[in-house]
Enquirer: 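My structure is below; once you've seen it, I'll send some questions.
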Amino acid sequence: MSAIYRYRIGKPIQTEAVVQKIPMEKGEIPYFRRIQKLELVKQSADAQEEMAQRDYFMYPLEPNDRIYGLGENVRGINKRGWIYESNCSDDPIHTETKHALYGAHNFFVVDGTKTFGVFLDYPGRLVFDMGYEHTDELRIIPEEWNLELYLIEGGSILEIVKVFRQLVGRSYIPPKWAFGFGQSRWGYQSAEDIRAVVKGYRGHQIPLDSVYLDIDYMEGFKDFTINSERFPDFPEFVEEMRKEHIHLVPIIDAGVKIEEGYPVYEEGVEKGYFCKDEEGNDFVGAVWPGKVHFPDVLNKRARKWFGKKYQFLLEQGIEGFWNDMNEPAIFYSEKRLEQVLKKVRSMKNKNMDMWEVFKFRDLVNGLANNAEDYASFYHRIGSKKVRHDKVHNLYGYHMTRAAGEALEEMEPQKRMLLFSRASYIGMHRYGGIWMGDNQSWWSHLLLNLKMLPSLNMCGFLYTGADLGGFGGDTTEDLLLRWLALGIFTPLMRNHSALGTREQESYQFTQMEVFQKLIGIRYGLMPYLYSEYMKAALRDEMLFLPLAFVYPEDRYAKEVEDQLLVGESIMIAPVYTQNATGRYVYLPEPMKMVRLKSMEEMETQVLEQGHFYVDIALDEVVFFIRPEKIVPYTQASQYMEAAESSEIHVLDFVTDHAEYELYQDDGYTKDYENEEHLKILQVKKTPDRTNGSK
Ligand code: GLC
């Protein structure tokens, strides 16, 4: 059994990440030493060396210690050997050299000589040096010493994670249709464009449940508006799509356009609901529409007001949203732009040498998401004025909370789809996240896989990456391989950036393969949905590293490209171009299932050990664990069509096994009803070893 301890240092700002009341400990924090010393620091290659006060927590790492967690981040499942930062960042280049992505997920588990979990509830910038500066030291370096630290010890990694998940509350549960396949692209300009997408899918019998509306649906990139020229009679269009069993999911951005006559802007100004600058004026940043104000979603009243705005779209038949640019991303601030333009003008007739060119480049590149800008505007939290950088990591969380709370109030009986780009632990109760602006790179397929368990540890269950890759041009094989992983991720969405190669399934040559592969997602839904619901309701993980399940197995501990999905399945996707298969490690005997479609199925029992497994582009391969069951059904074109289909089972049972199948209506919130759980049994007798249906 794991026990949890809570420590407070300084005067922390309440983040509302935690839902349980844990008594405060008085003494020293075990495991860690607080180090206070002056040190010569060099932040990066081009930064100047300077003396700084280094004040950090240190845990001495043993050679065999591993570190797991930190949610949305670059690099491995084992996080040891790099320096990470909690600092929600709008950065579309997710390379190994980065330190932060869009989320701030301050929970990790050390496993080795000692095994324990740590959650740092701190909303400002926080550095986790996981053996970077010194390979044998784990360092936690907060910007300020006002934080709460939760320590969980005793029990296995899975028990520690469960105790943590109970601490932060139940994960968000989407409507069932949101498990269907979704198509998205920045650049669908009109209702006609959307109709063409639906026709492309339905016309080729490729399953589809939703189409996403990117910023193009808005009038001048203004939140809660619809371009009526390109989307005439929007409610009728939503209804037309609904009849096709397609859900439209519009994007909402954090910045509110500054424009006379635009009600959201005018109301926000009048009520004082936008973030303020140093002088008490509404802070001016810029995003897609040009100059914007940012709703002060950390202020309860402003949050309520902004949340209510979603009603505009609900009334037109919308049932889901994705919240974007909520780190918040700032292309430039009005003040900084003025300063930069002035400096640039002064460079006009210069013969710019290397240093001048660098200076020029830094000036321009430094306009976006500038740390000084983040330290130049303010929130009102209760009666206090709080500088943004001190609570930076809470912005996306509270924007999504605004929507989540309002949707709950407006439609209390109905599940709504909601996911966000930026997040902090606590937001997982209100919505999911997608993994942001990845690229059409093979390495990002693998990164997608690696992030899944780390995100689950932090409560984010409803998640997925832009399949096919957002930036850059995809290839047909990359998309097919990515879909073969996406079949297992709760959010299964193909999304791409403006100007990149069109990557809807029907744009490629092997239409039938897309049809069958995406069909497999629908076929496996009884299993995938059951496992999601049980993980959410029991505060458990859906995606598990092999290390968590086979802790005694030295090979399993090092596997970073295979995962367990729920209790029965192990996946090992191909993530290398031109590969015709891959090496797979089986920590125990398993039954390999090879699917070309739900009708074309082959199985083979493999012993424990290392194998090279052939996996063609038109196949999905997974492995069933011993004495486990996988319920499935036939493929369908959309989720509702699958509802009445008969359930079959795949199994690797030699004697007797049971499976808890979770089935509900998928739309209302009566989650805990006992009737939703049905026990499936498979019994084998010596003379009946194969038949298990
Ligand atoms: C951001 C989002 C991306 C979206 C784009 C335009 O880059 O991450 O998904 O397509 O903005 O709205």
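In this chain, residues are counted from 1 in sequence order. Atoms within each ligand, like the ligands themselves, are counted from 1 in listed order.
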Enquirer: Quick one, list the residues around ligand 1 where some non-hydrogen atom comes in under 4.0 Å, by chain and residue number.
Expert: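 Shell around ligand 1 (4.0 Å, heavy atoms): Trp186, Asp214, Ile215, Ile251, Trp288, Trp322, Asp324, Met325, Arg421, Trp434, Asp437, Phe470, His495.
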Enquirer: May I ask you to check whether Phe460 and His105 place their ring centers less than 6.0 Å from one another?
Expert: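 Ring centroids of Phe460 and His105 are less than 6.0 Å from each other.
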Enquirer: Pick out which of Tyr212, Tyr188, Phe419, Trp322 makes a ring pair (Phe, Tyr, Trp, His ring centres under 6.0 Å) with His495.
Expert: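 Testing each of Tyr212, Tyr188, Phe419, Trp322 against His495, the sole residue satisfying ring pair (Phe, Tyr, Trp, His ring centres under 6.0 Å) is Trp322.
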Enquirer: Quick one: are the ring centres of Phe306 and Phe224 less than 6.0 Å apart?
Expert: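 Yes, ring centres under 6.0 Å apart.
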Enquirer: Side chains of Asn73 and Trp82: is there a donor and an acceptor less than 3.5 Å apart?
Expert: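 Note: Asn73 and Trp82 side chains miss the donor-acceptor criterion.
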Enquirer: Check whether Phe221 forms a cation-pi arrangement with Lys257 (NZ or CZ under 6.0 Å from the six-membered ring centre, at most 45° off the ring normal).
Expert: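 That pair does not qualify as a cation-pi contact.
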Enquirer: Under a 3.5 Å threshold, yes or no: a donor from one side chain and an acceptor from the other, between His94 and Tyr102?
Expert: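 Yes.
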